[in-house]
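Everything on this sheet refers to the single structure shown next.
Letters A, B, ... are given to chains in the order of the sequence lines, protein chains preceding strands, and every chain is numbered from 1. Quick note: numbers below take in every heavy atom, side chains included, and nothing from hydrogens, waters or symmetry partners. Since the model is a prediction, treat every value here as computed from it, not as a measurement.
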Number of protein chains: 4
Amino acid sequence: MRADARRNRARVLAAAEAVFQEAGAAATTEQIARRAGVGIGTVFRHFPTKSDLLHAIITDSLERLTVRVTELESHGDPATAFYDFFTELVRQAGEKHGVMALLAQTGEAPAVHKPIDAWRATVERLLARAQAAGAVRPDVGGDDVLALLLGLCQTAVTTGWDDTRCRAVLRVVFDGLAARH
Amino acid sequence: MRADARRNRARVLAAAEAVFQEAGAAATTEQIARRAGVGIGTVFRHFPTKSDLLHAIITDSLERLTVRVTELESHGDPATAFYDFFTELVRQAGEKHGVMALLAQTGEAPAVHKPIDAWRATVERLLARAQAAGAVRPDVGGDDVLALLLGLCQTAVTTGWDDTRCRAVLRVVFDGLAARH
Amino acid sequence: MRADARRNRARVLAAAEAVFQEAGAAATTEQIARRAGVGIGTVFRHFPTKSDLLHAIITDSLERLTVRVTELESHGDPATAFYDFFTELVRQAGEKHGVMALLAQTGEAPAVHKPIDAWRATVERLLARAQAAGAVRPDVGGDDVLALLLGLCQTAVTTGWDDTRCRAVLRVVFDGLAARH
Amino acid sequence: MRADARRNRARVLAAAEAVFQEAGAAATTEQIARRAGVGIGTVFRHFPTKSDLLHAIITDSLERLTVRVTELESHGDPATAFYDFFTELVRQAGEKHGVMALLAQTGEAPAVHKPIDAWRATVERLLARAQAAGAVRPDVGGDDVLALLLGLCQTAVTTGWDDTRCRAVLRVVFDGLAARH
DNA sequence: GATGAATGAGGGTTCATTCAT
DNA sequence: AATGAATGAACCCTCATTCAT
């Protein structure tokens, strides 16, 4: 029965991510349970608090992203790794709508500071290598890059960018990041 | 009695803006009424729905912004007007925290499409003049600029940028916007 | 509408007392609302917490009892006042079943310490006068009397004493209270 | 495998008594299972309903009390046996807090009438002998004594009597019970 | 027009009980 | 026989909205 429980936990997590995406921060625990095909009690068994669920989603997402960064780093030159990651993230951002909105809501943000901080380190390494390779101007810090990244992701999501818009905006930002002086 | 009503409407609007700023999306109608110094019934008389209230705040804000654009346009060269406006907006974004969060919640965003569209024309004019003056690359459209603007504003608000971060991020974006080719 | 509100508050209070009596500590807020003929929101408007409701019931009850003591004191000799009060209280105890049970539940008791303490003073005065008149042995304190009173009331309620049982038990206790040495 | 089951039953019973004592009526079945060191399923195998568990605790307690009465009867004179039992019971009452509270909750009390009735016979025998020895007035019945007993136990529990209070109250009641006429 | 009391659907959460393993 | 994950009715409480005064 350990296997069942683990499978259900994963199902709930996936359902939560999906529902937060569709319904935004207003997503209900019941909706999540229904989507996962389990009783509401099961959701609470695995995530005693809505905040716990949120925390789990963030941690989970960031872990997958960290894996992706490592992959990119091992395959090509630092500049490509950096810009590909940036591009990929903004394009995929649509999936994170609800979670972002939820994070914006007061009170929950502190709960996810730790996983976010852990991830920040990864992004900073990616940036440092791109800067060492001369592909990114040296006067921007990891936090600035993260800020840009978050901003673009949020808007991509909120206003539903298509591929053309995405490309246009990223071109501007990338030119800005590459600019000397 | 019409004067009374109009004054109350304005008071509620101001109170709502203030309360959304302080309490975020969780602000209740009662808090707004208390802040405005009126009964809750009065709030609902002027804005039959919370959505209506939200709509009014946005419309109101955008109208004030339009005025600001006109002001900037009449005072200096197109490049300065464009970049000053952009900077100012991102810096002031903090004040709109709660409203943004609420907009992110499903169902409300469509309600404010119209006032945003109206404002879009104003921003596009500002951009066109800056481009004509050679201060902004010609291959970005108004929508791209708006997308960047919204993204940065949202993140400024969500993650609480201070002035240093603000300046760093804007430097990158402005360099990107000014870049030739 | 102030009058309406006051009337509703009283209705809720009465309903709560009745429902706690019938359903015991397990009484739900909905039952109370239904009994009072109001919506559940009204109950919460007047008593934001179940604990507040409990507190109000206790305070209310004790105030009525204090009035009753004063009445008895002004009408007859101290001995009669004391024993009549004791008898009356035990006989009426049936009405307080649920409240007593609720008090017994951990966590709520502290909330009602103050009104109980206030009432204690009244009972102590009643006792002191009866002792001064030689009708009650001098070696019992107010707390001892209250303890006896509470114990008998609770059991009267829990086990449903009829008048005969009541008289028999009180005879024993009164003899004990009157005993010299 | 029968031995295992019997041992588990006993463990659950002991755990339930302990947990009800510590957590009061709010004790959950899971707490009990955890304390007993068994799975929650095991608790329900032995006691299909929380009410069954309660019933078993009461029955168990009363059986032990019956044994205690027999012990007291065989060791000394009837008067001492009677008064010692009475005293002992009230003093130990604290241990039954949660169970009493639970009994007070609607619907459960009837379930334990039978074991209480069985025990009544034992107490009545104790009383009859004390009366025959002239140590207790002849005009009180077993039910009166039980009523007093229960009342004092409940209050001892509810209001947390210390030894001094216990002695003071019992002195009054014993004087009343011994009184002639 | 203004007021604020009343309303009740809906949210998060708990826990006795069931059932697959 | 034992386990503990799953279930869902029921609880307390909130808050947008309505309506009597």
Listed nucleotide nearest any side-chain atom of B:A5, set E:dT13, F:dA5, E:dA2: E:dA2
Euclidean distance, atom CZ of residue B:R7 to atom P of E:dG1 [Å, nearest integer]: 14 Å
G-U wobble or Watson-Crick pairing nucleotide for F:dA1 (cut-off 3.5 Å, both distances): none
C:Q31, CD atom: more than 12 neighbouring heavy atoms under 6.0 Å: yes
Close side-chain approach of D:V12 to D:L53, heavy-atom, < 4.5 Å: yes
Residue closer to the 5' end of DNA chain F, A:G39 versus C:A27 (nearest nucleotide): A:G39
Main-chain N/O of A:I57 paired with A:S61 side-chain donor or acceptor, under 3.5 Å: yes
Flag side-chain contact, heavy atom, 4.5 Å: D:E22 against D:R35: yes
Given DNA chain E, 5'-ward residue of the pair A:Q31 and C:T42, judged by closest heavy atom: C:T42
Distance in angstrom units between B:F47 CZ and F:dT17 P, rounded: 14 Å
Distance in angstrom units between A:D4 CG and E:dA20 P, rounded: 11 Å
Nucleotide forming a Watson-Crick or wobble pair with F:dC15, both distances under 3.5 Å: E:dG8
Phosphate-side-chain proximity, A:H46 and F:dA5, N/O vs OP1/OP2 below 4.0 Å: no
D:T29 vs E:dA16: side-chain N/O to OP1/OP2 distance below 4.0 Å: yes
Nearest listed nucleotide, side chain of C:I40, among E:dT17, F:dA2, F:dT14: F:dT14
Separation between CZ of D:R34 and OG1 of D:T29, rounded to the nearest 0.5 Å: 11.0 Å
Whole-Å distance separating the CZ atom of D:R11 from the C1' atom of F:dT3: 14 Å
Comparing B:E30 and A:R45 on DNA chain F - which has the more 5′ nearest nucleotide: A:R45
Comparing D:T49 and A:T49 on DNA chain E - which has the more 5′ nearest nucleotide: A:T49
C:R34 CZ - E:dT7 P separation (whole Å): 14 Å
Rounded distance (Å) that lies between atom P of F:dA16 and atom CG of B:D52: 14 Å
Integer-rounded Å distance: F:dT17 P and B:I32 CD1: 11 Å
Lys/Arg N to Asp/Glu carboxylate O, B:R64 vs B:E17, below 4.0 Å: yes
Touch class at under 4.0 angstrom, heavy-atom based, for B:T28 against every strand present: sugar-phosphate
Protein-nucleotide distance (B:R6, atom CZ; E:dA2, atom P), rounded to Å: 12 Å
Phosphate contact (E:dA2 OP1 or OP2) by B:N8 side-chain N/O below 4.0 Å: yes
Nearest to side-chain heavy atoms of A:F44, which nucleotide of E:dG12, E:dA16, F:dA2: E:dG12
